[in-house]
Amino acid sequence: MNKYSASIGVWCLVALAVVLVAEVQDAAAVNCSMLELSSCLGAVTGGGQPSPQCCRKLKEQKPCLCGYLRNPSLRPYVNSPNARKVAAACGETIPRC
């Protein structure tokens with residue numbers, strides 16, 4: 001391995017570390033509260049189209065979804081067919097945790 005290849009490898013590792021740290025900080029900065037998803041309630045319970053605010057909040061709350069799915073009182077709402085339709089309409093998916 002020459003000096004140039006080693007330098008590229010080091011920069012790739014540094015870039016990967018920066019991306020991973022940024023993702024961890026994003027998840028830690030989210031306020032995990034189902035109340036944050038209240039703008040999605042009508043679409044989830046009525047089966048309608050989600051609002052732009054609902055989609056923004058769903059993207060914001062994505063790191064929290066596994067926690068909501070582990071909660072027996074929240075799981076039926078988060079894992080419902082309508083919730084999955086809302087997520088799909090927003091370009092998101094409900095994770096399988």
Side-chain angles (χ1 to χ4, degrees):
M1 180 186 301
N2 65 29
K3 189 175 181 180
Y4 180 73
S5 296
S7 178
I8 290 175
V10 169
W11 280 110
C12 287
L13 287 174
V14 168
L16 178 61
V18 168
V19 169
L20 291 174
V21 168
E23 286 182 17
V24 169
Q25 287 177 343
D26 284 347
V30 175
N31 176 24
C32 291
S33 169
M34 280 295 287
L35 293 175
E36 294 290 322
L37 294 171
S38 63
S39 59
C40 298
L41 186 61
V44 171
T45 59
Q49 287 295 310
S51 67
Q53 181 182 5
C54 167
C55 291
R56 279 192 303 275
K57 288 296 186 174
L58 185 60
K59 285 180 190 294
E60 181 183 292
Q61 291 288 301
K62 191 161 186 176
C64 306
L65 294 179
C66 283
Y68 299 155
L69 286 167
R70 289 185 196 106
N71 183 324
S73 61
L74 299 177
R75 184 177 177 87
Y77 300 103
V78 178
N79 204 34
S80 72
N82 280 348
R84 292 192 179 279
K85 288 178 188 174
V86 167
C90 292
E92 298 292 331
T93 56
I94 305 289
R96 301 215 182 263
C97 305

Q: If you measure from SG on Cys40 to CG on Asn82, what distance do you get to the nearest 0.5 Å?
A: 12.0 Å

Q: Please report the interatomic distance SG(Cys66) to CZ(Arg96), rounded to the nearest 0.5 Å.
A: 11.5 Å

Q: Please round to the nearest 0.5 Å and tell me the distance separating atom CG of Leu65 and atom CG of Asn79.
A: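 Answer for the CG-CG pair, Leu65 versus Asn79, is 10.5 Å.
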
Q: Once rounded to the nearest 0.5 Å, what's the spacing between atom OG of Ser39 and atom CZ of Arg56?
A: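 It comes to 8.0 Å.
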
Q: Quick one: closest heavy-atom pair of Ala83 and Val78, and the distance?
A: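 Where Ala83 meets Val78 most closely, the heavy atoms are CB-O, 3.4 Å.
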
Q: Are Val44 and Ser80 packed together at the side-chain level, in the sense that at least one heavy-atom pair is separated by less than 4.5 angstrom?
A: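 Contact flag for Val44/Ser80 side chains = yes.
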
Q: Output the distance between atom SG (Cys54) and atom CD (Gln61), rounded to the nearest 0.5 Å.
A: 11.0 Å

Q: Could you give the distance from OG (Ser38) to CD (Gln53), rounded to the nearest 0.5 Å?
A: 7.0 Å

Q: Can Met34 be reached from Leu69 by stepping across I, L, V, M, F, W or Y side chains whose heavy atoms are under 4.5 Å apart?
A: yes

Q: Which salt bridge (charged side-chain N to carboxylate O under 4.0 Å, His left out) pairs, counting each pair once, include a residue from residues 68-88, with sequence neighbours left out?
A: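 Residue pairs passing salt bridge (charged side-chain N to carboxylate O under 4.0 Å, His left out), neighbours aside: none found.
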
Q: Going by side-chain contact (heavy atoms from CB on, under 4.5 Å), name the residues that satisfy it together with Tyr77, two or more places apart in sequence or in a different chain.
A: none

Q: With side chain to side chain donor-acceptor pair (under 3.5 Å) as the test, would you mind laying out the steps for Ser73 and Asn71 before giving the verdict?
A: CA-CA 6 Å; Ser73 61; Asn71 183 324; 2.7 Å; yes

Q: In chain order, what residues pass the side-chain contact (heavy atoms from CB on, under 4.5 Å) check against Thr93, with sequence neighbours excluded?
A: Lys62

Q: Are Leu74 and Leu41 connected in the hydrophobic side-chain network, where two residues link if heavy atoms are under 4.5 Å apart?
A: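 No, Leu74 and Leu41 fall in different hydrophobic clusters.
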
Q: In terms of hydrophobic clustering (I, L, V, M, F, W, Y; side-chain heavy atoms under 4.5 Å; direct or indirect links), are Tyr68 and Ile94 co-clustered?
A: yes

